[in-house]
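Okay, so here's the structure we're looking at.
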Amino acid sequence: SHGWYIDTRLYKYYQKYCNKAYVIECKLTNREKEVITCAAAGMYNKEIAYYLKIREETVKNHFSNIYRKMHVKDRTQAVVYAIKNDLLEL
């Protein structure tokens, strides 16, 4: 456990707008799970890169892959999807 927390704004969005019964299987790599978990904790790309010891461009590439796999368009949707589908590394 890393002592992660979910940004309260994202959690409120999740509670208000997400249908908990709607679940789709999504296969993320371990690194992609680490990236989306950092995003759920409210970290920016630069912070994620520093924390995971990778380049910021690599973080952006991971997000592109995550969005494609989840069929979402942005970071908030990806985090909500990850919460709904129990994909975070907490």
Side-chain angles (χ1 to χ4, degrees):
S1 174
H2 297 286
W4 292 107
Y5 66 94
I6 303 301
D7 187 299
T8 55
R9 294 166 295 173
L10 292 172
Y11 188 72
K12 287 177 183 178
Y13 177 90
Y14 166 74
Q15 287 183 312
K16 186 173 182 179
Y17 295 107
C18 296
N19 175 0
K20 294 177 185 173
Y22 182 68
V23 177
I24 299 173
E25 187 175 350
C26 176
K27 302 279 189 197
L28 296 181
T29 65
N30 288 338
R31 185 58 102 184
E32 289 166 348
K33 287 179 183 179
E34 290 174 335
V35 167
I36 199 66
T37 299
C38 288
M43 295 171 93
Y44 296 105
N45 289 353
K46 193 172 196 170
E47 295 170 309
I48 295 170
Y50 179 80
Y51 181 76
L52 297 178
K53 297 175 177 55
I54 58 178
R55 293 174 49 239
E56 189 173 355
E57 189 62 35
T58 304
V59 173
K60 292 176 185 177
N61 289 337
H62 284 306
F63 272 115
S64 293
N65 292 333
I66 291 166
Y67 298 162
R68 179 181 46 78
K69 289 178 179 182
M70 291 181 176
H71 304 285
V72 298
K73 295 181 180 179
D74 63 40
R75 187 185 202 95
T76 301
Q77 290 176 347
V79 169
V80 169
Y81 181 102
I83 294 167
K84 282 174 41 178
N85 292 280
D86 197 29
L87 297 175
L88 300 180
E89 296 284 323
L90 301 176

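Quick caveat, the model's predicted, so the values are computed rather than measured. Side chains are part of it too, since the values below use all heavy atoms of this structure and drop only hydrogens, waters and symmetry mates.
Note that CD1 of Ile48 and OG1 of Thr37 are 9.5 Å apart. Values are rounded to the nearest 0.5 Å. To the nearest 0.5 Å, atoms OG1 (Thr58) and CG (Leu52) are separated by 10.5 Å.
Between the Glu47 side chain and the Met43 main chain, no donor and acceptor come within less than 3.5 Å of each other. Although no hydrogens or angles enter the test, the distance criterion places a donor-acceptor pair under 3.5 Å between the side chain of Asp74 and the main chain of Thr76. A donor-acceptor distance shorter than 3.5 angstrom exists from the side chain of Lys69 to the backbone of Lys27, with no hydrogens or angles considered.
Here the closest non-hydrogen pair linking Met70 and Leu28 is CE-CD1, 3.8 Å.
In this structure, Arg31 and Ile54 have side chains that are in contact, with non-hydrogen atoms separated by less than 4.5 Å. Val59 places none of its side-chain heavy atoms less than 4.5 Å from the side chain of His62. A heavy-atom distance below 4.5 Å is not found between the side chains of Tyr81 and Ile36.
Inspection of the Asn45 and Arg75 side chains reveals an N or O donor paired with an N or O acceptor under 3.5 Å.
The side-chain contact (heavy atoms from CB on, under 4.5 Å) with Lys84 is formed by just one residue from the set Val80, Asp86, Leu87; it is Val80.
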